[in-house]
Protein chains: 2
Amino acid sequence: MKSEHIPKATIGRLAVYIQVLENLLRDGNDVISSEKLARACSVNSSQIRKDLAYFGEFGVRGVGYYVQELITSIKQSLGIDRVWKCALIGVGNMGTALLRHHDFERRGFQIAAAFDCDPDKIGLEFGDMEIVCPTHLKEQAPEMGLEIGIIATPPDRAQRAANHLVDANIRGIINFAPSRINVPPHIPVEYVDFFDHLYSIAFQITLGND
Amino acid sequence: MKSEHIPKATIGRLAVYIQVLENLLRDGNDVISSEKLARACSVNSSQIRKDLAYFGEFGVRGVGYYVQELITSIKQSLGIDRVWKCALIGVGNMGTALLRHHDFERRGFQIAAAFDCDPDKIGLEFGDMEIVCPTHLKEQAPEMGLEIGIIATPPDRAQRAANHLVDANIRGIINFAPSRINVPPHIPVEYVDFFDHLYSIAFQITLGND
DNA sequence: ATTAACTTGTTAAAAAAATCACAAGCTTGC
DNA sequence: GCAAGCTTGTGATTTTTTTAACAAGTTAAT
Ligand SMILES: NC(=O)c1ccc[n+]([C@@H]2O[C@H](COP(=O)([O-])OP(=O)(O)OC[C@H]3O[C@@H](n4cnc5c(N)ncnc54)[C@H](O)[C@@H]3O)[C@@H](O)[C@H]2O)c1
Ligand SMILES: NC(=O)c1ccc[n+]([C@@H]2O[C@H](COP(=O)([O-])OP(=O)(O)OC[C@H]3O[C@@H](n4cnc5c(N)ncnc54)[C@H](O)[C@@H]3O)[C@@H](O)[C@H]2O)c1
């Protein structure tokens, strides 16, 4: 099929499929049907087949999908069959948790440089990486091949951080701060806010009460 | 209008509206039109009016929405016009960042108790809260009025943590661990995984390249 | 070889969500 | 008091997404 436009929801589900498939593989499952995978992911099996069809034909009729092969195919489709180098801006509570999280590389991402404007933080070492001032971003980004920016500053500093990233020709941005940022339209921005999920839970609980 | 079923995407957008409205209020805007709010949130103005219509009529024709009033109405609609007490399970990198984050209460949530099974962590104090073993959950949850569980354990411990929460009659769960959990159907579960967003960015960047 | 039991990829149908378009309502100025 | 100018709330329409249905391909057993 190999379609042009892919729904955003599909991307989100592919992330879930990878997660579940990796567990299946660890448990020794070599082959899986869309029906079984669907149950494990709490979705409809046609949904899975349709999601995969956007990118190609990965299964065998009458058999199912070879798990390892499917994982590889999905990762290729998403563009995470390689490591993306990320620049972290803002090394506070959140930034530190991210730096200490050792799952990034395995999942296709590497925080290769960390920036903070607090003089008390500049110079601190994290593994083989030193925290430096965001003004160095423009010079370090091309040198180090930084492509994705992760903003973890307070909300009123997020735009400033975004400006540094844009100026350094970064190609995409994740913003953990609860504020909208303005960047040129060719740079994709994703907002991460746990409170979305907390609101959703609160709402679902409240709803159930009526 | 006051409809029965509300799209999940609507809840996500309401969270964005609150964020933007609070900034508008801080900047001294008392009234806003759906058109202007729409631009600030990068959505369609009918979308905003429709989202709000699910919950009631909050605007004044010819005028717009009174910002403070609208914030209050949205919070009421979502059920966050009060503080929800949360139980954190797993006080590692992520859990610690959450505990140190002082935005929770302002946003309607409070991490009122923290649990970890690591003997080195049990007994540590965080403000006026002491980390205790998850076996105490069942006894503390009703005592303290804990309603929402936040799982921040390693993925292979998430199900165990979920079981503790279910056993303690918790009403909803946020899972930060990258693994699916099984709980009774009346308990809503939300999965938080930043990698969704990283995948999405990687995909959007890769796509732009073709 | 043929049949029966599965499972995919895809087309068709249904459902859901987003957008448009406009009547209804508020405000201001004359 | 009325007209002109806005802006909401909502039915109608369009677009998007999800689900169902099934032909086509695979395997295994007889
Ligand atoms: N910690 C959490 O659990 C959590 C949860 C949800 C959202 N967030 C959001 O994530 C962001 C970071 O949260 P945190 O808890 O780490 O805050 P924090 O205050 O601990 O850290 C912010 C860091 O950003 C640095 N900084 C400020 N301005 C900067 C600039 N212009 N350039 C570079 N660095 C700059 C500060 O020096 C500090 O180190 C906030 O916007 C917060 O709302 C955090
Ligand atoms: N740190 C991050 O930035 C980050 C990012 C994305 C996802 N996550 C996910 O969040 C989860 C936590 O990450 P982390 O970095 O804090 O890990 P961590 O290893 O630092 O912390 C895990 C904590 O859970 C505790 N724990 C283990 N089993 C437990 C149990 N049965 N009951 C109670 N506590 C238990 C451990 O003692 C430890 O303190 C992981 O699943 C991780 O994949 C973390």
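In what follows, every chain begins at residue 1, and chains take the letters A, B, ... in the order their sequences are listed.
The B:Val63 side chain lies nearest to C:dC26 when the options are C:dA21, C:dT10, C:dC26. Residue A:Glu57 places its side chain closer to C:dT10 than to any other of D:dT26, C:dT7, C:dT10. Checking D:dA12, D:dT17, D:dG9 against every side-chain atom of B:Lys50, the shortest atom distance belongs to D:dA12. Taking every side-chain heavy atom of B:Arg61 into account, C:dG25 is the closest of D:dG25, C:dA18, C:dG25. Distances were taken from every side-chain heavy atom of A:Gln47 (C-beta onward) to each of C:dT19, D:dA23, D:dT19; the shortest belongs to D:dT19.
No side-chain donor-acceptor contact under 3.5 Å links A:Asp196 and A:Tyr191.
Expressed to the nearest 0.5 Å, how far CE of A:Met94 lies from OG1 of A:Thr153 amounts to 12.5 Å.
Between the CZ atom of A:Phe58 and the P atom of D:dG25 there is a distance of 19 Å, given to the nearest Å. One can place CD1 of A:Ile48 at 16 Å from C1' of C:dT10, the figure rounded to the nearest angstrom. Put simply, CG on B:Leu37 is 13 Å from C1' on D:dT8, counting in whole angstrom units. Here the P atom of nucleotide C:dT7 and the CG atom of A:Leu70 are 15 Å apart, to the nearest Å. Regarding A:Glu35, its CD atom lies at a distance of 15 Å from the C1' atom of C:dG9, rounded to whole Å. Rounded to whole angstrom, the span from the OH atom of B:Tyr54 across to the C1' atom of D:dT10 amounts to 12 Å. What separates NZ of B:Lys36 from P of D:dT8 is a distance of 10 Å, to the nearest Å. Whole-Å rounding puts the B:Arg49 CZ to D:dA12 P distance at 17 Å.
Taking side-chain N and O atoms only, B:Ser34 has no distance below 4.0 Å to OP1 or OP2 of D:dT7. Applying the 4.0 Å criterion to OP1 and OP2 of D:dT18, one finds that A:Arg13 has a side-chain N or O inside that range. Using a 4.0 Å cut-off, some side-chain N or O of A:Tyr65 falls inside it from OP1 or OP2 of C:dG9.
Residue contacts for B:Ser46: at a heavy-atom cut-off of 4.0 Å it reaches a base atom on one of the strands shown.
In this structure, A:Phe104 has its ring center closer than 6.0 angstrom to the ring center of B:Phe195. The aromatic ring centres of A:Phe176 and B:Phe194 sit less than 6.0 Å apart.
Taking the nucleotide of DNA chain D with the nearest heavy atom to each of A:Lys8 and A:Gly62, the more 5' of the two is matched to A:Lys8.
Listed here is the closest heavy atom pair of A:Gly95 and A:Leu88: O-CD2, 3.6 Å.
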